[in-house]
Protein chains: 2
Amino acid sequence: MSEGPAPAYGTGGQKVRAALAAYIAQKGLKGTRQRDLIVEAFFAARRHVTVEELLERVRQQDPRVGAATVYRTMKLLVESGLASARQFGEGQARYEMAGDRHHDHLICTRCGTIVEFENDRIEAMQEVVARRHGFSVTHHKMELYGLCRNCQRHGDRKV
Amino acid sequence: MSEGPAPAYGTGGQKVRAALAAYIAQKGLKGTRQRDLIVEAFFAARRHVTVEELLERVRQQDPRVGAATVYRTMKLLVESGLASARQFGEGQARYEMAGDRHHDHLICTRCGTIVEFENDRIEAMQEVVARRHGFSVTHHKMELYGLCRNCQRHGDRKV
DNA sequence: TTGAAATTGAATATGATTATCAATTGATAT
DNA sequence: ATATCAATTGATAATCATATTCAATTTCAA
C-alpha cells in the first residue's frame, strides 16, 4: 500500500480503519473482505469519488463485488462519521474523507478537480447576513465553480 | 455590501409573459392553454416551488394537465432565462423567477421558508479565496441552512 | 378550412440509490 | 475444528424525480 505524500487526513487511513473496526464491533456488525476492499480503495483514491468510480477501482481487485455493496459500505462510512457525501450537481454523490475541520469546495468545471478550502471571514459574514434576516445558521454549503489554474491555460486542449 | 430585498418582479408577470411569448415566437414554437396555466400558476406562487407543488396548483384550474407538461414548461422557462432551477438537497428541484441580480439563499430547515439575499463582500472574498487557489470563478452556490426567526421561537409547536 | 408541425398526456424509460431475498460468510460458542 | 445463527452479499426488483416516446390533439399560418 503506497503511502504517498503526507495527506491532510492522517496516514494511510490506519487510524480510520481502526475507527471503522471499532464502529463495526460496537454495532455488532461483521467485517468482510469486500468491505475491506472498498474502504481500502476509497482511502487510496485520495479524492472525491463517486460510487461508480469506486466500484471500478474495487473491481480491479475483485470483479465479483456488486454495486449494492459499495453503496452499503459508503453508507456505513458516512454513518460512522468517517466519510461524508457531497452533491456537486452531477446527479450522483461524491464521497470525501471526513476531516475534523469544516470546509467548502472549489470545483473546476472543465477537469473536475475539487479543492477544499476554509475561510473564517466568509463564515463570519455568513453569520452576520443570516442574523440580519433573523436566521440562526446550523450548517451551510458553499461551492465555487470555475476553471483551475491548469485549465485556464490549456482551455483549448482536450481534458 | 449591497444587500436588499429580492428583485421586484413586475406585477402579474405581464413583462415576463411577454418575454416568454417572444421566446416562443422566435423559436417557432406554439402557445398553448396548458402552458399559460402553468406559467400563470408559477408566477402567482411567488415562491420557490417544486414541480409537484406546481402541478397541484395547476390542477385546481384544470385537472387534466399532465406532469410531463409541467416538467416541459419549466424546462422551457429555464431555457428562456425566465426561471431557474435550484437544488436545496431535497432530491427535487425548486424553481424561482429569474431576477436580474445574482443572489444566494437562506433556508429554514424546519418550515422550509426560503429567503434570498445578496452580499457583495462575501462575493468579493470568494473571489480572493479562489484566486489564492488559482481558480477563476464563473459561478457559485451558497446556501445557509438553519432556523428562521419564527421557528426559533416556536420550535416546539408543530410546523 | 386545411394541414404541417408542435404539443399533450399516458405510459414507458432512465439513472442513481435503496430494498428484497435466497445463498453465503463471519464470529462465537462448543 | 464444527456447528450455529445472524450479518452480508449480489442479483434483481423497487423507488423517485425527471426525460422520452408516441398516438391523438391542438395551434397557427396560409
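Scope of the values below: all heavy atoms of this structure, side chains included, with no hydrogens, waters or symmetry mates.
A/D62 places its CG atom 12 Å from the P atom of D/dT9, with the value rounded to the nearest Å. A/R59 places its CZ atom 10 Å from the C1' atom of D/dG10, with the value rounded to the nearest Å. We find that NZ of B/K27 is positioned 17 Å from C1' of C/dT7, with the value rounded to whole Å. In this structure, A/E90 places its CD atom 10 Å from P of C/dT17, rounding to the nearest Å. The CG-C1' distance, from B/L29 to C/dA5, rounds to 11 Å in whole Å. Between the CD atom of B/Q92 and the P atom of D/dA19 there is a distance of 13 Å, rounded to whole Å. In this structure, B/I38 atom CD1 and C/dT8 atom P are separated by 7 Å, rounded to whole Å. Rounded to whole Å, the distance from CZ on B/R35 to P on D/dT26 is 15 Å.
For A/H102 and A/H139, the ring centers are positioned 6.0 Å apart or more.
When B/F88, B/F117, B/Y145 are each tested for a ring-ring contact (aromatic ring centres under 6.0 Å, His included) with B/H105, only one passes: B/F88.
With the nearest nucleotide of DNA chain C identified for both B/K30 and B/T69, B/K30 has the one nearer the 5' end. Looking at which nucleotide of DNA chain C each of B/A68 and A/A67 is closest to, the 5′-most match is held by B/A68.
B/T73 places no side-chain N or O within 3.5 Å of a backbone atom of B/R35 that could act as its donor or acceptor partner.
Looking only at atom types and distance, the side chain of A/H140 has no donor-acceptor partner in the side chain of B/E143 under 3.5 Å away. A donor-acceptor contact under 3.5 angstrom links the side chains of B/E96 and B/H103, judged on distance only.
The minimum heavy-atom distance between B/C148 and B/C111, with the atom names listed, is SG-SG, 3.8 Å. Across all their heavy atoms, B/A41 and B/V58 have their closest contact at CB-CG2, 3.8 Å.
Remark: B/T32 is in phosphate contact with C/dT8, judged by side-chain N or O atoms under 4.0 Å from OP1 or OP2. OP1 or OP2 of C/dT25 has not a single side-chain nitrogen or oxygen of A/R33 nearer than 4.0 Å. Distances shorter than 4.0 Å separate some side-chain N or O of B/Y71 from OP1 or OP2 on D/dT18. A/Q34 has no side-chain polar atom (N or O) that falls below the 4.0 Å cut-off from OP1 or OP2 of D/dT8.
Near DNA chain D, defined here as any heavy-atom distance below 4.0 Å, the residues from residues 72-82 of chain A are A/R72, listed numerically.
Backbone-only contact: A/A93 has heavy atoms under 4.0 Å from sugar-phosphate atoms and none from a base.
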